[in-house]
Amino acid sequence: PGFSVLALNMFLPSLANIAADLDSDYGTVSLAVAGYLAVSALVQLVVGPLSDRIGRRPVLLVAIASFCIASVACSFAQDVWTFLIFRMLQAGIISSYTLSLAIVRDTTSEGKAVGLISYISMTMAIAPMLGPVLGGVLDTAFGWRANFYFYAVSGVILLIICWIDLSETN
């Protein structure tokens with residue numbers, strides 16, 4: 001769940017470098033933040049009913065896979081518009097937050113759910129603090145594209161874990 005927030009803000013220290021590398025202005029590249037948030041809002045509206053209809057697991061696996069593909073595409077973008085399009089597609093990862101809450105409610109008693117949801121909330125609080133630090137370190141050491149390589153590799157690891165460990169809960 002915290003990964004969706006990490007994906008929102010980890011690359012923020014790289015915005016100026018992205019703008020320079022893609023020969024764009026800072027304002028245009030900043031649309032990567034606002035657009036991500038807008039698409040995230042839309043995704044949350046769709047994910048709940050969709051997961052109720054076809055199941056939590058397939059929706060989550062598709063969302064994580066699309067995040068991985070979009071992250072790779074962002075890392076290879078040669079112009080700002082390609083970057084922004086795939087950046088918006090990364091917002092599908094927000095469904096990991098929405099679905100994690102539903103999965104906890106599906107699989108645990110009310111008492112245990114409170115504890116698990118508090119852990120989810122904790123990751124959602126810590127990720128915005130650590131994300132820009134990690135992103136800044138990656139950008140300084142390896143360039144802005146390293147943030148998106150990190151997203152892609154982390155997404156693949158998350159996808160594998162969910163594929164192996166997550167059964168359908170709906």
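- One side chain, D139 or N17, offers a donor N or O that lies under 3.5 Å from an acceptor on the other.
- L60 CG to L166 CG: the interatomic distance, rounded to the nearest 0.5 Å, is 6.0 Å.
- One hydrophobic cluster, built from ILVMFWY side chains closer than 4.5 Å, holds both F142 and L12.
- Of all the heavy atoms in R57 and E168, the pair that sits closest is N-OE1, 3.1 Å.
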Residues 107-114 side chain polar contacts: donor-acceptor under 3.5 Å, at least two apart:
{"residue": "T107", "atom": "OG1", "partner": "I103", "partner atom": "O", "Å": "2.8"}
{"residue": "T108", "atom": "OG1", "partner": "V104", "partner atom": "O", "Å": "2.7"}
{"residue": "S109", "atom": "OG", "partner": "K112", "partner atom": "N", "Å": "3.4"}

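- F148 and F83 have perpendicular rings, their planes meeting at more than 60° on a 0 to 90° scale where under 30° would count as parallel.
- Note: I64 CD1 to F3 CZ = 9.0 Å, rounded to the nearest 0.5 Å.
- Both L101 and M124 are part of a single hydrophobic cluster, where members link through side-chain heavy atoms under 4.5 Å apart.
- Taking every heavy atom of both residues into account, C68 and A152 meet most closely at SG-O, 4.0 Å.
- Listed here is the closest heavy atom pair of I54 and P58: O-CG, 3.5 Å.
- Note that CG of L8 and CD of Q90 are 10.5 Å apart. Values are rounded to the nearest 0.5 Å.
- Minimum interatomic distance between L84 and V29 (heavy atoms only, all atoms of both residues): CD2-O, 4.1 Å.
- Between the OG atom of S66 and the CD1 atom of I93 there is a distance of 7.5 Å, given to the nearest 0.5 Å.
- In this structure, CZ in R87 is found 8.5 Å from CD1 in I18, a value given to the nearest 0.5 Å.
- The cluster map of Ile, Leu, Val, Met, Phe, Trp and Tyr, joined by side-chain heavy atoms under 4.5 Å apart, puts V153 and I161 in the same cluster.
- Residues T169 and R105 are not in side-chain contact: their nearest non-hydrogen atoms beyond the backbone lie 4.5 Å or more apart.
- Residues L89 and V72 do not share a hydrophobic cluster, clusters being chains of Ile/Leu/Val/Met/Phe/Trp/Tyr side chains in contact below 4.5 Å.
- Taking every heavy atom of both residues into account, F11 and L15 meet most closely at CE1-CD2, 3.5 Å.
- With contacts defined as side-chain heavy-atom distances shorter than 4.5 Å, the pair Y151/F67 qualifies.
- With hydrogens and angles ignored, the 3.5 Å screen pairs no side-chain donor or acceptor of Y26 with any backbone N or O of A19.
- Between W81 and T28 the shortest side-chain heavy-atom distance falls below 4.5 Å.
- The shortest side-chain heavy-atom distance between L158 and W163 does not fall under the 4.5 Å cut-off.
- In this structure the side chain of P132 never reaches within 4.5 angstrom of the side chain of M10, judged on heavy atoms.
- Under the 4.5 Å side-chain criterion, counting only non-hydrogen atoms from C-beta, L134 is not in contact with L130.
- Here the straight-line distance linking atom CG of D23 with atom CG of D79 works out to 10.5 Å at 0.5 Å rounding.
- Side-chain N/O atoms of R56 and S51 include a donor and acceptor closer than 3.5 Å.
- In this view, D25 satisfies the salt bridge (charged side-chain N to carboxylate O under 4.0 Å, His left out) rule with no residue, not counting sequence neighbours.
- The hydrophobic clustering, which links ILVMFWY residues whose side-chain heavy atoms are closer than 4.5 Å, places L22 and Y149 apart.
- The shortest non-hydrogen separation linking P128 to N9 is CA-ND2, 2.9 Å.
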Expected list for residues 31-48: side-chain donor-acceptor pairs under 3.5 angstrom, two or more places apart:
{"residue": "Y36", "atom": "OH", "partner": "S4", "partner atom": "O", "Å": "2.9"}
{"residue": "S40", "atom": "OG", "partner": "Y36", "partner atom": "O", "Å": "2.7"}

